[in-house]
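Following: one structure in structure tokens, then a few remarks.
Just so it is clear: chains get the letters A, B, ... in the order the sequence lines come, proteins before strands, and each one is counted from 1. No hydrogens, no waters, no symmetry mates; every other heavy atom, side chains included, goes into these values.
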Amino acid sequence: MKDWMYMHRKGSLRIEIRGCSRERFLNLCKAHEICLWNIKKMDEQCLQADILLPDFWNIRPIAKKSSSRIRIIKRIGLPFFFQMYAMRWPVLGAFLLSILVLCLLSGRIWSITIRGNERITEGDIKYYLEKSGIQCAMRKNQLDCRKTADQIREAYEDFSWVSVRLEGTELTIEVKESIPQIKKSDAQAEKPSDIIADRDGVITKMITRCGTPCVEKGDYVKKGELLVKGEVAYLNDEKETTAVKYCHADADVFLKSKYHYKEVIHGTKKYRVYSGRQYRKVQITVGGWPFRLPFRNRKFEEWSSYASYTCPSLLRWLNLPAIMKTTYIREYKTILKNQEKKDMKEKAEANLCKFITKIKQKGVQIFQNDVRIDVDINSCVASGTLTLVSEAGRNVERIPTE
Amino acid sequence: MKNMMGVPADIAQNAMLLHITGRNWLHIENYRKIIEFDAEKIVLLGKRDCLQITGQCLAIPYYSDEEMMVTGTIETVTYL
């Protein structure tokens, strides 16, 4: 008995043997080394058996000798498959062409994915890769993953670890960024600068580390006023200035300033109620050329849309060089609803609380809160003044004078 | 089973060698030809004697010059 692959390659037939001397036919086949298998008796005069296609051409004399008639019931195997598709050669050609295209496309990189970057943008890394000759549609055998990883590590000092791996047609670059070291450059440290006020307010606290303070605690300063001068004067015993050294002014200055807070909540609120009716538009972009598939256009009075982008792939790792954009258009109706006074007040309080929490997270202290919430039928107004204490002052470059 | 010379009996006596697995598979070696083949009965001619197999839905999955496999529900195996 032949194996399955051999039978399909050579082709096999299911034949019907009809006659009086069926046993003689089987014995003659055995004597002529013709292989038959799956022999079954169907009725008194008939047997069915499988035979290889090359052996089938040799059974005619045997059938004649044993007075049997042979009829083909079923054809199995590649020779019959090719014979069947010989008339439909465009289908077979398209099938073979698609396999060829698949083989050609799978030899190239069609997607570059970068993971783990936070400070350095993906676009920046992709631009560097493009300059190094690594881009979509390049051949996979032209890429040396280890060498590329070394190149990226050398190009970006912030990357403490780089991994480049190729999975199917996707190039995945994984990076880990080191913790940034905050260090002032020598030029910046030596550059003389002053500290000026960046807003109006009263100074509540001031610690000067480098430079000469021009104001003191309790003084009212205006925006742009000099707070710390970037110079240190050397005095002699008579309190006379003998020399002046210019420096980068460094100080912590805290200002008490006023912030005017105002928020209006209207009594009527708009709500969107989606009707459930929607349609979608599909656009496929291949090599920068967009193709829009036909869609059934509907006219909605009010609608919103959102789009999703997907990269179609045949297998898990075999990404095709195309981007599919699906836009969903959903119909909705706007409904106006009156809010209750209690709800409006609660919302105004919640918003104020959220605002205070947010500025506290930035290191700002709330010295005084004079915000009032007034509610009437049409609106709710939260307005007033917040007195804040926060660090102020910024360095500006100064030109040293003789 | 060996004779005094140590030669297996099927070779020494040209006897048929039967392997029965359950009652559905029967493997036969050293047969000469098929005398009768039916769904209920198969008669084989050996080199010395004749073997009759009876049963239900008997079939021959494969056969060659030396060996044969019979499947189906085997009821009796008789030497004629």
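Contact annotation for residues 66-80 of chain B against chain A (heavy-atom separation below 4.5 Å): no residues qualify.
Counting only distance, with no hydrogens or angles, the side chain of A:R60 and the backbone of A:W57 share no donor-acceptor pair below 3.5 Å. In this structure a side-chain-to-backbone donor-acceptor pair under 3.5 Å is missing from A:N38 to A:D50. Under the 3.5 Å distance criterion, the side-chain polar atoms of A:S68 are matched with a main-chain donor or acceptor of A:S66.
Ion pairing between a basic and an acidic side chain is recognised when a charged N comes within 4.0 Å of a carboxylate O; A:E174 and A:R165 show such pairing.
In this structure, A:K30 satisfies the cation-pi test against B:Y31, with its NZ or CZ atom closer than 6.0 Å to the six-membered ring centre and inside 45 degrees of the ring normal.
When each of B:I35, B:D65, B:I60 is checked for heavy-atom pairs under 4.5 Å with chain A, B:I60 comes out on top.
Using modelled atom types and a 3.5 Å distance limit, the side chains of A:T327 and A:Q283 yield no donor-acceptor pair.
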